[in-house]
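This is a predicted model, so every value here is computed, not measured.
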Amino acid sequence: MDALERPARAEINALLEKLTTAAAATRALRRFFLDEYLGFLVDRLELPEERIQAGDLLEMGYATAWLAAAAAGYTRQRSVTEPEASEASQAARCSSFNHFARHLDQPERLSVEWPGTKSLSAADSEQFVKALADKRPPRTNQSTWERTSALAALRVATGRPLSQLANLRTHDIALDSREPTVSVQGKAYPLDAATVRIVKRWLDTHTRLTAQLGGGEVAEVWITTKPGRPRFGEPARHPYLPCSIRTLRAAQHDLTQRLQPRSTRLGQLTARDTANDAVHQARDEALADLQARRTTLREVLDREGPAISRMAVGRLLSSVPGIAHQCDQVLAELEISRHRWIQRLTPLEKRRLVDAVNTRWELPVES
């Protein structure tokens, strides 16, 4: 009999048996909320408990109704002044549901938002990914670090939860196309150059590791990077095979704790601001045109919009052909800080900047 067709009570008990080595509080928490969910379905479906199958508990319509009933206080078993469910208990319900789904070898379906885990801003999220991807934390496995960095980068690029990113296949990621993308549940999300670099590094490692299996191609993006531990009497699992959400989450927790005092959950990372991406793209195009001599310094300085106006003068001069290595000397002579935004330059300062560059270096003629 398929696990989804077995009695729900039997599978709940089987899950609890697996948790004999877990903390007593964790086991009690899982039992309490899964019992509550099963009792809710018995009342809602008006069926005896033995007629409820394990697969019924994974129906999203039932799960959503259960969470809504808990939020309204209908599942409260004690008489209290405020019967509505707290944020913490709702997160525990979602976590218990996902744990039961994993027990049945099914993907997680509910997003878990624990209170007290404030989301990072889009800018801080990008900075976090950069810090994680650029330097491997001490005493960490190289492949695990690359995998975790790629997962965090895709979270910021898409904003999708771990339950969805965990199901990615290699054909969902197109890095070699003109506009690199990742497809999550049928929707394509653009990838910037930094994310492409981070994800490509992991996919290259993925190919190298799975080649050691000697079998067919492993299509899942996320694979284990070392042998598992023997669990519940079963032998250790071979490395380089598809890994569980729990493995991905544990690696994220471990690596981020080595970077900072507190671990950062994947769900705390915020998706990139696409409007900001457009600004960066316009800026990169302007600097590329300047380096290729397709435009002049005067034309760039006169452009409107945040792409140029909020760029530092030093970065602009570093892209001028022939003077990148001496831009600090030019700015020092003009008494202009290299960190000053272009929008804060006066018309006179802009003219003096163009004159100084044209006088000393061969550049396109400025009008």
Trainee: Without swapping roles, check the side chain of Trp222 against the backbone of Thr148 for a donor-acceptor pair under 3.5 Å.
Mentor: no
Trainee: Report yes if some heavy atom in the side chain of Leu175 is under 4.5 Å from a heavy atom in the side chain of Leu203; otherwise report no.
Mentor: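 Of all side-chain heavy-atom pairs linking Leu203 with Leu175, at least one is under 4.5 Å.
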Trainee: Please report the shortest heavy-atom distance between Gln142 and Arg136, naming the atom on each side.
Mentor: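 Closest approach of Gln142 to Arg136: OE1-NE, 2.9 Å.
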Trainee: Is it the case that over 12 heavy atoms from other parts of the model lie below 6.0 angstrom from the OH atom of Tyr62?
Mentor: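 Result for OH/Tyr62: open.
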Trainee: Between Glu299 and Thr295, is any side-chain donor less than 3.5 angstrom from a side-chain acceptor?
Mentor: yes
Trainee: Quick check: does any side chain N or O of Ser319 sit under 3.5 Å from a backbone N or O of Leu290, one acting as donor and the other as acceptor?
Mentor: no
Trainee: Side chain of Gln291, backbone of Ala288: donor and acceptor closer than 3.5 Å?
Mentor: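 Checking the backbone N and O of Ala288 against the side chain of Gln291, no donor-acceptor pair under 3.5 Å is found.
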Trainee: If hydrophobic clusters are built by linking Ile, Leu, Val, Met, Phe, Trp and Tyr wherever their side-chain heavy atoms come under 4.5 Å apart, do Ile336 and Trp341 end up in the same one?
Mentor: no
Trainee: Are any of the side-chain heavy atoms of Glu179 and Pro190 separated by less than 4.5 Å?
Mentor: no
Trainee: To the nearest 0.5 Å, how far apart are NE2 in His253 and CZ in Arg246?
Mentor: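 One finds 14.0 Å between NE2 of His253 and CZ of Arg246.
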Trainee: About how many Å separate CG of Leu15 and NE2 of His103, when rounded to the nearest 0.5 Å?
Mentor: 5.5 Å
Trainee: For Ile342 and Ile308: C-alpha separation, side-chain torsions, deciding distance, then whether side chain to side chain contact (heavy atoms under 4.5 Å, CB included) applies.
Mentor: CA-CA 7 Å; Ile342 291 174; Ile308 303 302; 3.9 Å; yes
Trainee: So, using side chain to side chain donor-acceptor pair (under 3.5 Å) as the criterion, who are the partners of Thr224 when residues are at least two apart?
Mentor: none
Trainee: Evaluate the side-chain proximity of Ser143 to Leu209: yes if any heavy-atom separation is below 4.5 Å, no if none is.
Mentor: yes
Trainee: Ser96 side chain to Phe33 main-chain N or O, any donor-acceptor pair under 3.5 Å?
Mentor: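 Not at all, since once roles are kept as given, no pair shorter than 3.5 Å links the two residues.
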Trainee: Do you know the tightest heavy-atom contact between Leu57 and Phe97?
Mentor: O-CE1, 2.9 Å
Trainee: Does a side-chain heavy-atom distance below 4.5 Å link Val354 with Lys350?
Mentor: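 Side chain of Val354 against side chain of Lys350, heavy atoms only: no contact under 4.5 Å found.
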Trainee: Donor-acceptor check, side chain of Arg139 to backbone of Pro137, threshold 3.5 angstrom: yes or no?
Mentor: no
Trainee: Please give me the minimum heavy-atom distance between Val221 and Trp202, naming the atom from each residue.
Mentor: O-NE1, 3.0 Å
Trainee: Out of curiosity, Leu316 CG to Leu297 CG, how far, rounded to the nearest 0.5 Å?
Mentor: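 If we round to the nearest 0.5 Å, Leu316:CG and Leu297:CG are 5.5 Å apart.
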Trainee: Any chance you could measure Gln185, atom CD, to Leu165, atom CG, to the nearest 0.5 Å?
Mentor: 9.5 Å
Trainee: Could you tell me which residues satisfy side chain to side chain donor-acceptor pair (under 3.5 Å) with Thr181, sequence neighbours excluded, listed by chain and number?
Mentor: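 Testing Thr181 for side chain to side chain donor-acceptor pair (under 3.5 Å), a comparison that skips the adjacent residues, returns none.
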Trainee: Look only at the side chain of Glu220 and the backbone of Cys243, and say whether a donor-acceptor pair between them is shorter than 3.5 Å.
Mentor: no
Trainee: Can you tell me if Arg283 uses its side chain to pair, donor with acceptor, with the backbone of Pro306 under 3.5 Å?
Mentor: yes
Trainee: In terms of the angle between their ring planes, are Tyr240 and His238 parallel, tilted or perpendicular, with boundaries placed at 30° and 60°?
Mentor: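 The rings of Tyr240 and His238 stand perpendicular, inter-plane angle above 60°.
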Trainee: Given the rule in the side chain to side chain contact (heavy atoms under 4.5 Å, CB included) test, do Cys327 and Val320 qualify, once you have shown the distances and angles that lead to the verdict?
Mentor: CA-CA 9 Å; Cys327 64; Val320 176; over 6 Å; no
Trainee: For the pair Thr247 and Arg147, evaluate side chain to side chain contact (heavy atoms under 4.5 Å, CB included) and give the outcome as yes or no after the intermediate values.
Mentor: CA-CA 11 Å; Thr247 298; Arg147 184 189 67 195; 4.0 Å; yes
Trainee: Side chains of Thr144 and Thr225 only: does a donor on one sit below 3.5 Å from an acceptor on the other?
Mentor: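 Yes.
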Trainee: Please report the interatomic distance CD1(Ile12) to OH(Tyr37), rounded to the nearest 0.5 Å.
Mentor: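 Spacing of CD1 (Ile12) from OH (Tyr37) equals 10.0 Å.
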Trainee: Could you report the tightest heavy-atom contact between His206 and Val218, atom names first, then the distance?
Mentor: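 Minimum heavy-atom separation between His206 and Val218: CE1-O, 3.2 Å.
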Trainee: List the residues meeting side chain to side chain contact (heavy atoms under 4.5 Å, CB included) with Ala312, not counting sequence neighbours, and say none if there are none.
Mentor: none
Trainee: Report the residues that fulfil salt bridge (charged side-chain N to carboxylate O under 4.0 Å, His left out) with Arg258, sequence neighbours left out, ordered by chain and then residue number.
Mentor: Asp254
Trainee: Determine whether Leu331 and Leu348 fall in the same hydrophobic cluster, where Ile, Leu, Val, Met, Phe, Trp and Tyr are linked whenever their side-chain heavy atoms lie under 4.5 Å apart.
Mentor: no
Trainee: For Asp124, which residues count as a side chain to side chain donor-acceptor pair (under 3.5 Å) partner, sequence neighbours excluded?
Mentor: Ser121
Trainee: Hey, could you give me the CD1/CG distance between Ile173 and Leu154, rounded to the nearest 0.5 Å?
Mentor: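 Ile173 CD1 to Leu154 CG: 5.5 Å, rounded to 0.5 Å.
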Trainee: Would you mind listing every side-chain hydrogen bond (donor to acceptor under 3.5 Å, both in side chains) that reaches into residues 300-315, with sequence neighbours excluded?
Mentor: Asp284-Arg315, Arg298-Asp302
Trainee: Tell me, yes or no, whether the heavy-atom count around Arg51 atom CZ, taken from other residues, nucleotides or ligands under 6.0 Å, exceeds 12.
Mentor: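 No - once you tally the heavy atoms of other residues, nucleotides and ligands closer than 6.0 Å, there are 12 at most.
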Trainee: Please determine whether side chain to side chain contact (heavy atoms under 4.5 Å, CB included) holds for the pair Asn98 and Ile245, giving the CA-CA distance in whole Å, both sets of side-chain angles, and the decisive distance to 0.1 Å.
Mentor: CA-CA 10 Å; Asn98 289 339; Ile245 287 182; over 6 Å; no
Trainee: Report the residues that fulfil salt bridge (charged side-chain N to carboxylate O under 4.0 Å, His left out) with Lys130, sequence neighbours left out, ordered by chain and then residue number.
Mentor: Asp134
Trainee: Using modelled atom types only, decide if a donor and an acceptor are shared between the side chain of Arg294 and the backbone of Ala286 within a distance under 3.5 Å.
Mentor: no
Trainee: What pair of heavy atoms forms the shortest contact from Gln164 to Arg160, and how long is it?
Mentor: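 It is OE1-NE, 3.0 Å.
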Trainee: Considering residues at least two apart in sequence or located in another chain, which fulfil the salt bridge (charged side-chain N to carboxylate O under 4.0 Å, His left out) criterion with Lys200?
Mentor: Asp204
Trainee: Would you say the side chains of Gln252 and Arg249 form a donor-acceptor pair under 3.5 Å?
Mentor: no
Trainee: Would you say Ser95's side chain and Ala91's backbone share a donor-acceptor pair under 3.5 angstrom?
Mentor: no
Trainee: Arg31: what forms a side chain to side chain contact (heavy atoms under 4.5 Å, CB included) with it, not counting sequence neighbours?
Mentor: Leu16, Arg27, Asp35
Trainee: Excluding sequence neighbours, so at least two apart, what forms side chain to side chain contact (heavy atoms under 4.5 Å, CB included) with Ser177?
Mentor: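 For Ser177, the residues satisfying side chain to side chain contact (heavy atoms under 4.5 Å, CB included) (neighbours in sequence not counted) are Ala174.
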Trainee: Under the rule for salt bridge (charged side-chain N to carboxylate O under 4.0 Å, His left out), what residues qualify as partners of Glu49, not counting sequence neighbours?
Mentor: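 If we apply the salt bridge (charged side-chain N to carboxylate O under 4.0 Å, His left out) test to Glu49, skipping adjacent residues, the hits are Arg9.
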Trainee: Do the non-hydrogen side-chain atoms of Leu317 and Asp328 ever get within less than 4.5 Å of each other?
Mentor: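 Heavy-atom side-chain distance check fails, nothing below 4.5 Å.
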Trainee: The criterion is side chain to side chain donor-acceptor pair (under 3.5 Å); which residues satisfy it with Ser125, sequence neighbours excluded?
Mentor: none
Trainee: Are Phe100 and Glu11 packed together at the side-chain level, in the sense that at least one heavy-atom pair is separated by less than 4.5 angstrom?
Mentor: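 Of all side-chain heavy-atom pairs linking Glu11 with Phe100, at least one is under 4.5 Å.
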Trainee: Please report the closest heavy-atom contact between Ser337 and Val313, naming both atoms and the distance.
Mentor: O-CB, 4.3 Å
Trainee: Given side chains that start at C-beta, do those of Val184 and Lys187 come closer than 4.5 Å, heavy atoms only?
Mentor: no
Trainee: In the structure I gave you, are the side-chain heavy atoms of Trp66 and Arg44 within less than 4.5 Å of one another anywhere?
Mentor: no
